[in-house]
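Each chain gets a letter, A, B and so on, in the order its sequence line appears, and its residues count up from 1. Given the structure is predicted, the values throughout are model-derived calculations rather than measurements.
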Amino acid sequence: MAAYISPAWFYGYDAAFQLLFAVITLIIAAFSFKVYKASEQRPARLLGFAFLFISLAFLVQALLSALLVSGAQERACDLIGLTLVGLCESVGILLHIALMLTGLALLVLLAVKPAGKRTLLLLLGVTLIALAVSGDALLTYYLLSSFFLAFISWHFIENYLSNKQTKTLLVALAFLFLFFGSFHFLLAVNHEIFYVLGHFLELAAYLLILTNLYVVRKS
Amino acid sequence: MKGKRDRLGIINDILEIVRDKAQVKPTQVMYKANLSHEMLTSYLNELLTKGFLVEHSDKAGRKTYALTEKGFHFLRDYKIIKGFVESYGLQE
């Protein structure tokens with residue numbers, strides 16, 4: 001994915017950013033499952049799966065970015081039986097998109113109460129159709145993720161307004177940063193500097209999420 | 001038990017009452033947790049199903065409740081659970 005919109009000097013750094021995001025989101029997923037195990041609060045399990053999918057999406061993206069930098073994509077493609085490098089990259093990009101949008105759809109479910117499997121299937125179905133009929137899957141993906149993140153941010157802002165605490169503010173701000181970050185990726189299709197800005201906004205967001213975890217654990 | 005309690009707060013109150021008394025009758029829980037009979041039944045059923053409480057019956061068929069290991073863990077980690085659940089608005 002980075003091959004299309006990243007400035008050349010940012011190659012490699014983007015992979016490091018994405019790997020860091022994968023680790024942070026994996027930590028949040030693990031903590032959510034721990035909270036679910038201790039409390040049996042089903043939304044905690046949903047949050048855990050959402051962050052797990054997002055973590056896997058970042059891991060795939062980091063691998064793709066790293067392969068592009070190392071020039072080892074041909075060997076990696078051979079390993080999974082795909083001889084055409086372009087096709088291999090497309091498979092990787094689509095896998096990243098599928099994992100990220102599933103994670104975001106699960107977060108949207110948190111904001112839709114009561115949410116059920118039908119709502120999730122509806123969200124994923126509409127997303128899949130939009131991607132399938134779109135001429136530019138990458139642009140559609142950034143549009144969809146921006147829309148999902150706007151909806152999710154709205155939920156977390158409402159959560160903050162109904163319960164004004166540092167921890168709820170941290171999460172609301174984090175998702176606002178993720179929304180603006182996603183919006184920057186949308187602009188990056190034409191101006192590659194926004195790809196870098198998007199990564200820094202995401203970094204700020206995930207550091208806020210990590211800070212929230214620290215605040216919660218210290219309470 | 002001051003102020004308006006959320007679901008997680010009510011569960012915490014019930015488990016604290018059961019822990020403090022070791023074996024407790026449902027009526028004692030109902031009065032101490034300030035719950036209606038209907039709410040108490042619903043919460044007790046949920047806590048039994050989720051494995052936080054265990055039910056015992058004496059020879060006369062009177063029911064008492066005790067805390068399980070999972071229930072003790074919940075009380076130990078309650079502040080962290082509450083903090084995390086509130087952060088993301090995960091209340092059921």
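- Contact of Y160(A) with chain B is not made at all, since no heavy-atom distance falls under 4.5 Å.
- When the shell of 6.0 Å around NZ of K21(B) is examined, it contains 12 or fewer heavy atoms from other residues, nucleotides or ligands.
- For R7(B), the part sitting under 4.5 Å from any heavy atom of chain A is the side chain, from C-beta outward, and nothing else.
- Proximity to chain B (any heavy atom under 4.5 Å) is shown, for S162(A), by neither the backbone nor the side chain.
- At most 12 heavy atoms of other shown residues, nucleotides or ligands fall within 6.0 angstrom of atom CZ in R62(B).
- Within a 6.0 Å sphere centred on CZ of F177(A), heavy atoms belonging to other residues, nucleotides or ligands number 12 at most.
- For the set N159(A), L170(A), V215(A), the count of heavy-atom pairs under 4.5 angstrom toward chain B peaks at N159(A).
- Looking at Y78(B), neither its backbone nor its side chain comes within 4.5 Å of chain A, counting heavy atoms on both sides.
- For the options I11(B), V85(B), I81(B), L90(B), heavy-atom pairs under 4.5 Å to chain A are most numerous at L90(B).
- Heavy-atom contacts from other residues, nucleotides or ligands closer than 6.0 Å to NE2 of H37(B) number 12 or fewer.
- More than 12 heavy atoms of other residues, nucleotides or ligands lie within 6.0 Å of CZ in F33(A), so this atom counts as buried by the packing criterion.
- The distance from the OG atom of S39(A) to the NZ atom of K82(B) is 13.5 Å, given to the nearest 0.5 Å.
- Among the candidates R42(A), K34(A), E158(A), the residue making the largest number of heavy-atom pairs closer than 4.5 Å to chain B is R42(A).
- Other residues, nucleotides and ligands contribute over 12 non-hydrogen atoms within 6.0 Å of the CZ atom of F17(A).
- Scanning all heavy atoms of the two residues, the minimum distance from S87(B) to N212(A) falls at OG-OD1, 3.1 Å.
- For Q165(A), the part lying near chain B is the side chain, with the backbone staying farther off; criterion is any non-hydrogen pair under 4.5 Å.
- Residue contact with chain B, scored on non-hydrogen atoms closer than 4.5 Å, involves the side chain of L213(A) exclusively.
- Atom CZ of R76(B) sits in a crowded spot, with more than 12 heavy atoms from other residues, nucleotides or ligands closer than 6.0 Å.
- Rounding to the nearest 0.5 angstrom, the gap separating the CD atom in Q41(A) from the CZ atom in F84(B) is 12.0 Å.
- Most heavy-atom pairs under 4.5 Å with chain B, from the set F175(A), Y36(A), F31(A): that is F31(A).
- In this structure, the side chains of Y88(B) and L107(A) stay at 4.5 Å or more apart for every pair of heavy atoms.
- Neither the backbone nor the side chain of K218(A) comes within less than 4.5 Å of any heavy atom in chain B.
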